[in-house]
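Have a look at the structure below, then the notes.
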Amino acid sequence: EDYLYIGTDDGSAEGYNANSRLISIDKHTGKVVDDIKISGSGDIRSSITMADGKLYFTSKGGFFHEAEYDPKTGDIISLRSLALENGSNGVPMSTSTPTVYNGRAYIGVSGKGQFSAYSGHNITVIDIPSWSIAYSVQTQGYPQTTGTLTTYYEKTDGYVYVYFFDNYTPGKLRVLADKPGLKKPLMTVEETSNGVTYTVAASV
């Protein structure tokens, strides 16, 4: 209620190996109450999600981050980072703001070529209690948006549904069905480009 948490970059030309900072500001006075340097994980270009008493965000160096904070003082107590994957030698950068629900985080991850089709772009599902990637599912373009999650069907089939857009022309709206414990995507389709067939997240 009293503090604002923001992520930064360091202004360098290379955002993948840049240093970033997680800053806590007293929203009543504007005073910086804590400032944590995160070395080498890349620029923080996502917004920060607050869920279950913790902060979640991504960085361009290819990491998913979780920070614990003290709501009384605004201090940042701890930080841990999980390396992302895209199945290539390229940096699995993410500027996608995490969607967090029921111990799972949903983010978009870039492939080897930020604007190259089917180059490893994917939607990644993170199991927070085990601090591991549950699974990922490929997309044509880089899903940079925040995933939109609905719990409407959870009481009937046990799944939440999460929607992402590809940043590609033409863009596609992707959907996945998920629940805790799931280790592979349920909703996939095959798409063919230049004679190569890819298994990707279903589009709607």
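In what follows, every heavy atom counts, from backbone to side chain, and hydrogens, waters and symmetry copies are set aside.
With hydrogens and angles disregarded, a donor-acceptor distance shorter than 3.5 Å links the side chain of His121 to the backbone of Gly113. Using a distance-only test at 3.5 Å, with no hydrogens or angles considered, a donor-acceptor pair links the side chain of Ser20 to the main chain of Gly42. Between the side chain of Asp75 and the main chain of Ile77, no donor-acceptor pair closer than 3.5 Å is present. Side chain of Ser24 to backbone of Asp34: no donor-acceptor contact under 3.5 angstrom is found. Formation of a donor-acceptor pair under 3.5 Å by the Lys112 side chain with backbone atoms of Asn86 is not found in this model. At least one donor-acceptor pair closer than 3.5 Å links the side chain of Ser94 to the backbone N or O of Gly108. Not a single donor-acceptor pair under 3.5 Å links the side chain of Asp43 to the backbone N or O of Asp9. A donor-acceptor pair is defined here as one N or O able to donate and one able to accept, closer than 3.5 Å; such a pair exists between the side chain of Asn19 and the backbone of Gly40. A distance-only check finds no donor-acceptor pair linking the side chain of Asn167 to the backbone of Gln144 [under 3.5 Å].
Side chains of Asp10 and Thr8 form no contact here, defined as non-hydrogen atoms less than 4.5 Å apart. Taking the side chain as every heavy atom from C-beta outward, Tyr101 and Glu154 approach each other to under 4.5 Å. Looking only at side-chain heavy atoms (C-beta outward), Leu84 and Ile107 come within less than 4.5 Å of each other. The closest side-chain heavy-atom distance from Val200 to Val189 is below 4.5 Å. At least one side-chain heavy atom of Phe57 sits less than 4.5 Å from a side-chain heavy atom of Leu22. The shortest side-chain heavy-atom distance between Ile123 and Thr139 falls under the 4.5 Å cut-off. Between Pro92 and Val109, the closest side-chain pair of non-hydrogen atoms falls below 4.5 Å. You'll find the side chain of Phe164 stays beyond 4.5 Å of the side chain of Val137, heavy atoms only.
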What's the verdict on side chain to side chain contact (heavy atoms under 4.5 Å, CB included) for Tyr159 and Leu186, showing C-alpha distance, side-chain angles and the deciding distance? CA-CA 11 Å; Tyr159 293 93; Leu186 292 182; 3.3 Å; yes

Could you go step by step and tell me if Asp52 and Lys54 meet the salt bridge (Lys or Arg N to Asp or Glu O under 4.0 Å) rule? CA-CA 6 Å; Asp52 304 319; Lys54 296 178 182 178; over 6 Å; no

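Hydrophobic clustering of Ile, Leu, Val, Met, Phe, Trp and Tyr side chains at less than 4.5 Å, counting indirect connections, unites Leu79 with Val33. At a threshold of 4.5 Å between side-chain heavy atoms, the hydrophobic network of Ile, Leu, Val, Met, Phe, Trp and Tyr places Ile133 and Leu182 in two separate groups. With hydrophobic clusters built from ILVMFWY side chains whose heavy atoms lie under 4.5 angstrom apart, Ile76 shares a cluster with Ile44.
Across Gly141 and Asp166, no two heavy atoms sit closer than the pair N-OD2, 3.0 Å.
Considering Ile48, Leu55, Ile38 as possible partners of His65, the one that fulfils the side chain to side chain contact (heavy atoms under 4.5 Å, CB included) test is Ile38. For the side chain to side chain donor-acceptor pair (under 3.5 Å) with Tyr106, the lone residue among Thr99, Thr146, Thr148, Asp178 that qualifies is Asp178. Evaluated for a salt bridge (charged side-chain N to carboxylate O under 4.0 Å, His left out) with Asp127, the options Lys183, Arg104, Lys179 yield exactly one hit, Arg104.
For the 3.5 Å distance criterion, the side chains of Thr95 and Tyr142 qualify, holding a donor opposite an acceptor. Between the side chains of Ser96 and Ser46, not a single donor N or O lies within less than 3.5 Å of an accepting N or O.
Taking the six-membered ring wherever Trp is involved, the centroid distance between the rings of Tyr56 and Phe64 falls below 6.0 Å. Ring centers of Tyr3 and Tyr69: at least 6.0 Å apart, outside the cut-off.
More than 12 heavy atoms of other residues, nucleotides or ligands shown are found within 6.0 angstrom of NZ on Lys172. At most 12 heavy atoms of other shown residues, nucleotides or ligands fall within 6.0 angstrom of atom CG in Asn89.
Under the 4.0 Å criterion applied to side-chain N and carboxylate O atoms, Asp26 and Lys31 are not assigned as salt-bridge partners.
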